[in-house]
Amino acid sequence: MHVLILGGTAEARRLAALLAGEDRSADGLLVTSSLAGRVAAPRLPPGRVRIGGFGGAEGLAEWLRAERVDVLVDATHPFAGRMSFHAAAAAAATGVPLVALRRDGWRPVPGDDWHPVDSLAAAGALLPGLGERVFLTTGRMGLAAFTGTPELDRLWFLVRSVDPPEPPVPPRCEVLLDRGPFTLDGERGLLAAHRVDVLVTKDSGGPATAPKLTAAREAGVPVVIVRRPPVPAGVPVVTGPEEAARWVRGRR
């Protein structure tokens, strides 16, 4: 059975490891992981790997047919919304069973000062009323939402991303190239050293980047958090690699 994992996340790598036989429980499975190619030096999963886009939903459907894929797993980042809808359309066109692997989102706890929004643009519009020194952890794309108005251009940004951000970027910013997982002590030190008074993040979920939320709560720093896009209607969702592996094996 040929399994295609649309990956790029820690959960996708773990699922590939489970299905590729590191636990010796899935003999006979052919596992291919597909990465979008947006990170210069991605962490590669075990098994076969392809890098690059498919050319939309039609291109993905053609690939599923040509490679005789039996099961499709959408284990992309929770904010890779376009790819998820392409996967749903391709699965519907080919009849290939599809499951979405999504880690649980973060939940506020007492002491958090969260400001949920639905987009980066909404996050940018909210910032001038919350602080002046912004820790921006939304990735290297979409930074145009945080520049272009006098109110935003007077703010200072610490932009953290794995690769250098794509322009346009805020005129007053410092770029920090780093990759999680991050520690609580490290995040505490970062907020203090840069005198951060507001944090912006996406609700990516998972433990790798969650310490910044704890550090912000301890420091009394408000958090602007961008909600996730929805999973396409009708696509079943699992929340962990082990559950996804059981779902895949159930299709054999």
Side-chain angles (χ1 to χ4, degrees), residues 1-26 29-39 41-54 60 64 69-88 90-91 96-107 137-141 161-163 178-183 201-213 225-232 235-252:
M1 183 170 73
H2 189 182
V3 181
L4 175 62
I5 302 172
L6 304 177
T9 60
E11 290 79 13
R13 290 191 295 274
R14 174 59 180 160
L15 176 60
L18 290 170
L19 296 180
E22 288 191 8
D23 63 354
R24 301 189 182 279
S25 63
L29 289 180
L30 172 62
V31 179
T32 301
S33 295
S34 177
L35 308 182
R38 292 180 175 175
V39 176
R43 293 171 175 165
L44 298 180
R48 293 175 55 187
V49 177
R50 70 173 301 278
I51 296 178
F54 291 95
L60 176 55
L64 295 178
V69 171
D70 299 291
V71 176
L72 178 60
V73 181
D74 173 15
T76 55
H77 191 276
F79 282 83
R82 180 178 298 179
M83 187 67 237
S84 294
F85 279 89
H86 287 173
V96 172
L98 167 66
V99 68
L101 170 55
R102 292 289 186 273
R103 69 186 77 141
D104 287 331
W106 293 317
R107 297 181 183 277
T137 64
T138 56
R140 67 188 180 95
M141 303 175 68
S161 63
V162 175
D163 294 319
D178 204 355
R179 186 200 303 258
F182 302 105
T183 67
T201 188
K202 295 176 177 178
D203 182 16
S204 300
T209 59
K212 63 190 173 189
L213 301 174
I225 186 161
V226 182
R227 297 183 182 96
R228 298 177 176 189
V231 174
V235 176
V237 179
V238 296
T239 59
E242 289 75 16
E243 185 181 0
R246 289 193 295 270
W247 189 92
V248 168
R249 289 168 183 148
R251 312 278 82 74
R252 297 182 77 172

So do the side chains of [X] and [Y] get within less than 4.5 Å of each other, counting heavy atoms only?
X: Arg102; Y: Ser84; answer: yes
X: Asp74; Y: Val235; answer: no
X: Thr209; Y: Thr201; answer: no
X: Leu4; Y: Val96; answer: no

Exercise. Only counting residues at least two apart or in another chain, list the ones meeting salt bridge (Lys or Arg N to Asp or Glu O under 4.0 Å) with Arg251.
Key: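 Applying salt bridge (Lys or Arg N to Asp or Glu O under 4.0 Å) to Arg251 gives none.
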Quiz item: Of all residues at least two apart in sequence or in a different chain, which pass the salt bridge (Lys or Arg N to Asp or Glu O under 4.0 Å) check with Arg103?
Solution: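 For Arg103, the residues satisfying salt bridge (Lys or Arg N to Asp or Glu O under 4.0 Å) (neighbours in sequence not counted) are Glu11.
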[X] versus [Y], closest heavy-atom pair with distance:
X: Ser33; Y: Pro46; value: OG-O, 4.5 Å
X: Ala75; Y: Ala12; value: CB-CB, 3.7 Å
X: Phe79; Y: Val226; value: CZ-O, 3.2 Å
X: Met83; Y: Phe54; value: CE-CD1, 4.4 Å
X: Ala100; Y: Val231; value: CB-CG1, 4.1 Å
X: Leu98; Y: Ala91; value: CB-CB, 3.7 Å

Quiz item: Okay, side chain of Arg48, backbone of Arg50: is any donor-acceptor separation there less than 3.5 Å?
Solution: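 Looks like no, no N/O pair under 3.5 Å.
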Quiz item: Backbone N or O of Trp106 within a donor-acceptor pair of the Asp203 side chain at under 3.5 Å?
Solution: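 Yes: the side chain of Asp203 pairs with the backbone of Trp106.
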Measure the [atom1]-[atom2] distance between [X] and [Y] for me, rounded to the nearest 0.5 Å.
X: Leu30; Y: Leu19; atom1: CG; atom2: CG; result: 11.0 Å
X: Arg13; Y: Leu35; atom1: CZ; atom2: CG; result: 9.0 Å
X: Thr76; Y: Leu6; atom1: OG1; atom2: CG; result: 6.5 Å
X: Thr137; Y: Lys202; atom1: OG1; atom2: NZ; result: 9.5 Å
X: Leu64; Y: Leu72; atom1: CG; atom2: CG; result: 5.5 Å

Exercise. Could you walk me through whether Arg140 and Val162 pass the side chain to side chain contact (heavy atoms under 4.5 Å, CB included) test, one step at a time?
Key: CA-CA 8 Å; Arg140 67 188 180 95; Val162 175; over 6 Å; no
Exercise. Let me see the working for Leu101 and Glu243 under side chain to side chain contact (heavy atoms under 4.5 Å, CB included), right down to the final yes or no.
Key: CA-CA 9 Å; Leu101 170 55; Glu243 185 181 0; over 6 Å; no
Self-check item: Partner of His2 under side chain to side chain contact (heavy atoms under 4.5 Å, CB included), chosen from Leu29, Thr32, Val71
Solution: Thr32
